[in-house]
Amino acid sequence: METVITRFPPSPTGSLHIGGARTALFNWLFARHHGGKFVLRIEDTDVARSTEESTRGIFDGMEWLGLEWDEGPYYQTQRLDIYKEYLQKLLDMGHAYYCDCSPDELDARRKEAMAEGRKPKYDGRCRDRGLGPGPNRVIRFRCPDSGTTVLNDLIKGPIFFDNAELDDLVLQRSDGIPTYNFVVVIDDVTMNITHVIRGDDHVNNTPRQILIYQALGAPLPQFGHVPMILGQDKAKLSKRHGATSVMAYKAMGFLPEALVNGLVRLGWAHGDQEIFSREELIQYFSLENIGKSPSVFNLEKLLWLNAHYIKESEPHTLVPLLKPFLEKRGYPAKPDGYVGEAVRTLQTRVHTLEEMADGMKFFLVDDVEYDPAAAKKFLTPTMQEAFDRLIPVFESMEVFNEENLEKAFHQIVVTEMGLKLGKVAQPVRVALTGGTVSPGLFEIIGVLGKETVLKRLKRALEHMKSQ
RNA sequence: GGUCCCAUCGUCUAGCGGCCCAGGACACUGGCCUCUCACGCCAGAGACACGGGUUCGAUUCCCGUUGGGACUACCA
């Protein structure tokens, strides 16, 4: 069996977005599953809209998601000679011809046809004029005007197109740059692509491409058209649906494995399984399990997945990923080991690294800021006695760890003072964190350390006295 | 308008004629756990778009209707 070769051909006219990333992921998985190759190709023939910045953004996104390519990146603008060669072939064989209809004329005729209820397709008036090259001339493909073209789609099954519906598409613009539908075929042919997996917004382009393959006498690859990802309003995902760029998710504190897991489940399933490691994905992935209907992107589920991966991570692996978020907030730098301990206390409580950075503030700043409402409610004069008794015990504690802390706390509050644990826990929490919500009290005391804990407890005591 | 695609809980989906008065997950509601918040656990509510066929039997097959989407460029 021949080696599977897939490709991802983004056009660098914007950042790598969710839909493109999923297409890339599917192609990558398909190649990996079959032990084949994955090619990256930059489709930059739209010179006016292509930017280097977008190209870099695409690389960054692919790298972040871990979708390494085996070949490329190829740039179409560097392959112009190849296209010229094939174009000449088509011209020589009579499958293509020059046309000098201006865009304005075309536009007018299109409108006219629409108004009269006719198909707004090119009327083929330059087909047999035998025009040669010249300024302001494009090259068109001569489409057969009868017959049927069949697309045997791996995902959707056979789809039939009437050739009469297709028109003579432009292969080369008047500026000499070839167009997408032509170039994509030449690239896929010359790069020996065996499987073209792409969004189903390309379905209607496929018969034209198949016709070009046939005109060239080139073997057809297998096609698999994946249903689109839609926004909440069920329309094609676009900027107005909020964050669509992959890197925006990185900036929001998502882990790449969460995004990969979330993306792959949009359209693809393996029974009831929700969580997949990269290895499992490679092992299980197949086109047969891709659904036919479009899916709506759902942030809630992605948040849950992210929370899951944060929970499952080793705390120290999260530290370097978290740092940029900490720095952005201007927190004082602390040793990695300490940050790792703080991370551990927050893992089950956050959905993103952003939330984690926010929730970590009291571990890192020198003096906590009291939430006014919390201070008013819990740092009351009646709590003085408990704090007065807690401080010396903590102070004299030899081994300042979670277990001893909890024992001592329980002894004083419950046994000696006859109070419920919660009665004193909340005031202590406010003293240490400034607020009423935090990880377990003894966990944070253990991480914060004796010195800081005593300092904050004493400060809270002063605060109570001044009430 | 034309061509093409699609249709299971709010969302992602399982289902490939009887195992389904439809299963899982997120979100939601209630409870348990508990020093707060989470996590975790248990329970609950929630869908086969509609109408015809085919069949002993349709969520599953066929047709139509409706609804949604894509394409219809000298964009990709």
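The sequence lines fix the lettering, A, B, ..., with proteins before strands; numbering per chain opens at 1.
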Within residues 73-86 of chain A or reaching into it, pairs that qualify as side chain to side chain donor-acceptor pair (under 3.5 Å) - sequence neighbours excluded: Glu43(A)-Gln76(A), Asp44(A)-Thr77(A), Glu71(A)-Tyr74(A), Gln76(A)-Asp187(A), Arg79(A)-Tyr83(A), Arg79(A)-Asp187(A), Arg79(A)-Thr190(A), Tyr83(A)-Asp187(A)

In whole angstroms, how far is the P atom of C5(B) from the CD atom of Glu165(A)? 12 Å

Measure CD/Glu443(A) against C1'/U36(B) and give the value in whole Å, please. 12 Å

Nearest nucleotide by nearest heavy atom, which residue falls closer to the 5' end of RNA chain B, Asp162(A) or Val437(A)? Asp162(A)

Between protein and nucleotides 9-21 of chain B, map the contacts as a letter string: B base, S sugar-phosphate only, - none, heavy atoms under 4.0 Å, written 5' to 3'. --SBSS-------

In B/S/- notation (B base, S sugar-phosphate only, - none; protein heavy atoms under 4.0 Å), nucleotides 39-44 of chain B written 5' to 3' is SS----

What salt bridge (charged side-chain N to carboxylate O under 4.0 Å, His left out) pairs are there with at least one residue in residues 347-356 of chain A, not counting sequence neighbours? Lys328(A)-Glu354(A), Arg329(A)-Glu354(A), Arg349(A)-Glu443(A)

Would you mind telling me which residue lines up with the more 5' stretch of RNA chain B, Pro158(A) or Val350(A), judged by nearest nucleotide? Pro158(A)

Between Asn306(A) and Tyr249(A): side-chain donor-acceptor atoms closer than 3.5 Å: no

Measure up the Phe26(A) and Phe285(A) rings against each other and bin them: parallel (under 30°), tilted (30 to 60°), perpendicular (over 60°). tilted

Rounded to the nearest Å, what distance is computed from the NZ atom of residue Lys292(A) to the C1' atom of nucleotide C61(B)? 12 Å

Strictly by modelled atom types, are Tyr309(A) and Asn261(A) linked by a side-chain donor-acceptor pair under 3.5 Å? yes

For A43(B), what is the paired nucleotide under Watson-Crick or G-U wobble rules, both distances under 3.5 Å? U29(B)

For the pair made of CG in Leu303(A) and C1' in A25(B), what is the distance, rounded to whole Å? 15 Å

At under 4.0 Å between heavy atoms, how does the protein contact nucleotides 71-76 of chain B? Give one character per nucleotide, 5' to 3', with B, S or -. S-SBBB

Atom-pair distance (CD on Glu406(A); P on U34(B)), nearest Å: 12 Å

May I ask you to list the residues of residues 407-425 of chain A, by number, that have any heavy atom positioned under 4.0 Å from an atom of RNA chain B? Leu421(A), Gly422(A), Ala425(A)

Would you say the side-chain atoms of Ser438(A) and Arg429(A) include a donor-acceptor pair closer than 3.5 Å? yes

